[in-house]
Amino acid sequence: MTQLAQQIIDAVKKVLPAREQYPLHEPTFTGNEKKKLLDCIDSGFVSSVGEYVTEFEDRVARFTGSRSAVAVVNGTSALHTCLVLADISTNDEVLVPALTFVATANAVSYCGATPHFVDSNETNLGIDVPKLEGYLVKHTRIRNKTCVNQQTGRPIRALLGVHIFGMPMDMDPLQALCDRFHLKLIEDAAESLGSYYKGIHTGNFGFAAALSFNGNKTITTGGGGIILVNDEKRAVLAKHLTTTAKTSEKWQFSHDKTGYNYRLPNLNAALGCAQMEMLPKFLIRKRQLAKNYARAFSGLKGVFLMTEPEYAKSNFWLNTLLLDKPDAILLEEILGRTNDAGIQTRPAWELMHQLPMYKTCPAMDLGSAQSLVHRIINLPSSPSLLDIP
Ligand SMILES: *Cc1c(COP(=O)(O)O)cnc(C)c1O
C-alpha cells in the first residue's frame with residue numbers, strides 16, 4: 001500500500017463537507033425545477049411542443065453568446081446533427097481525439113464516416129496541435145481544397161475537437177490548423193458549458209458545436225443537448241433536420257428529407273430553464289471548489305491538480321488530478337482506495353482506438369493519450385459539495 005492513496009483521501013476530506021458518499025458529479029435541484037415541471041403537467045404540454053423549448057434555446061444562446069441554439073434529446077444527437085450539417089458522409093474521415101467519450105467517435109460513425117484518431121496534450125487534455133500538424137504534413141495531400149489521407153485515399157473533411165472535462169482547448173492554433181488543411185472545425189462542447197476561451201464561450205469557434213445536459217453534466221435536463229450555430233441558415237436547417245424535416249403546411253404530414261426525431265421534450269426543457277437560472281451560482285461554487293482542491297493538493301508529491309491555462313476560464317466540470325508519471329498499478333490502487341472511502345473518483349475513458357469497433361480506424365501516434373489514461377484521476381466536483389449561497 002502506498003502513501004499517496006491515503007494522502008489523496010486526506011486532501012479530499014479536508015476540502016469536502018462531512019458526508020458518507022461523494023459522487024463524482026450529481027445534479028443539484030434547488031431552484032424552480034419542481035415548479036416548472038408541474039407547470040408542464042398542468043398545461044398538458046409535456047412533449048415536443050411547448051414554450052419551454054424555445055425559452056431554453058434562448059437562454060442557452062444568450063448565455064453562450066451564440067446566435068442560435070437548437071435543443072435536442074442528448075449531446076450525442078447534437079454532435080450527429082453538427083456532422084450532418086457539415087455534410088459528413090460515407091467515405092469521409094473526421095479527425096477525433098482518441099482521448100474522449102465514445103459519443104464523439106460514434107457521431108462520426110452514424111454518418112457512415114470513419115473517425116481518424118489523433119493525440120492529446122497534457123496542458124489542457126485537448127488535441128496536440130503541433131504534433132497533429134506534423135502528422136498531416138507528412139501523411140496528407142491537399143487536392144482541390146480537400147485534405148486527402150494518402151494512406152486510405154479518403155478525404156479528411158473535419159476535425160471534431162473536445163473541451164475535455166470543461167477545460168478549453170487552445171483555439172487559435174487549432175483554428176489556424178483547420179484553415180490550413182481545409183478542415184471544418186466542430187466543437188464537442190458537451191462538457192464545457194460555462195467555459196471560455198479568451199473571453200468567448202466555447203462552442204462559438206467553428207462550424208457548429210454540441211452541448212450536453214446529461215445527468216452528470218454541469219446542468220441537466222434529465223437527458224438533453226443543444227446545437228450551437230452562428231449562421232442563421234444553418235440554424236434553420238438544424239431545427240428542420242431535428243424535427244423530422246417536417247414541412248410547414250398546416251395539416252399535412254409532409255417531410256422533405258430524411259430527418260431525425262431529435263426534439264427535446266418540453267418537460268426536459270422546463271427542467272433546463274430552471275437549471276439555467278442556477279448556472280451562474282453553480283459556476284461560482286465549482287470555481288471555489290477547484291480553488292480549495294488546489295490548496296489542499298499543493299504540497300503533495302507524485303500528483304498535481306490541473307489548473308486552467310492563462311487564456312481560458314474553465315467551468316471546472318470535473319477536477320482532474322494527474323499522476324506525475326503513468327503508473328497503471330498505482331492508479332488502480334488510488335481508484336480502489338478512494339472509492340472504498342466513499343470518494344467517487346474515476347479514470348479517463350478507455351481510448352477510442354482500443355474499442356473493438358474502432359480498432360481498425362486510422363490513427364496517428366497516440367503516445368500522450370496512452371500515457372494520460374494511466375495518469376488521470378477525476379475528483380468529486382458537484383456544485384452541492386460547497387456550502388455557499
Ligand atoms: C456527455 C458527453 C457527450 C454526449 O452527451 P450525451 O448527452 O450523454 O449524449 C459527448 N461528448 C462528450 C465529451 C461528453 O462528455
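Worth knowing before you read on, the calculation uses all heavy atoms, side chains too, and leaves out hydrogens, waters and symmetry mates. Note that ligands are numbered from 1 as they come in the structure, with each ligand's atoms numbered from 1 the same way. Model, not experiment: these values are computed from the prediction.
- If you look at His116 and Tyr135, their ring centroids are closer than 6.0 Å.
- The side-chain hydrogen bond (donor to acceptor under 3.5 Å, both in side chains) contacts involving residues 164-174 comprise Asp170-Tyr197, Asp172-Tyr197, Asp172-Lys198, where partners must be two or more places apart or lie in separate chains.
- Residue pairs meeting the salt bridge (charged side-chain N to carboxylate O under 4.0 Å, His left out) criterion with at least one partner in residues 32-61, sequence neighbours excluded, are Lys36-Glu277, Glu55-Arg59, Glu57-Lys239, Arg59-Glu277.
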Which pairs of donor and acceptor atoms, one on a side chain in residues 226-233, lie under 3.5 Å apart (sequence neighbours left out)?
from	atom 1	to	atom 2	distance (Å)
Asn230	OD1	Arg67	N	2.9
Asn230	ND2	Asn204	OD1	2.9
Asp231	OD1	Lys233	N	3.1
Asp231	OD1	Arg234	N	2.8
Glu232	OE1	Arg67	NH2	3.4

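- The hydrophobic clustering, which links ILVMFWY residues whose side-chain heavy atoms are closer than 4.5 Å, places Tyr358 and Leu79 together.
- Within a 6.0 Å radius of CD in Glu332, other residues, nucleotides and ligands contribute 12 heavy atoms or fewer.
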For ligand 1, list every N/O pair with the protein closer than 3.5 Å, one pair per line with the distance.
from	atom 1	to	atom 2	distance (Å)
ligand 1	5 (O)	Ser212	OG	3.2
ligand 1	7 (O)	Gly75	N	2.7
ligand 1	7 (O)	Ser212	OG	2.7
ligand 1	9 (O)	Gly75	N	3.3
ligand 1	9 (O)	Thr76	N	2.9
ligand 1	9 (O)	Thr76	OG1	2.5
ligand 1	11 (N)	Asp188	OD1	3.3
ligand 1	11 (N)	Asp188	OD2	2.8
ligand 1	15 (O)	Glu191	OE2	2.4
ligand 1	15 (O)	Lys217	NZ	3.2

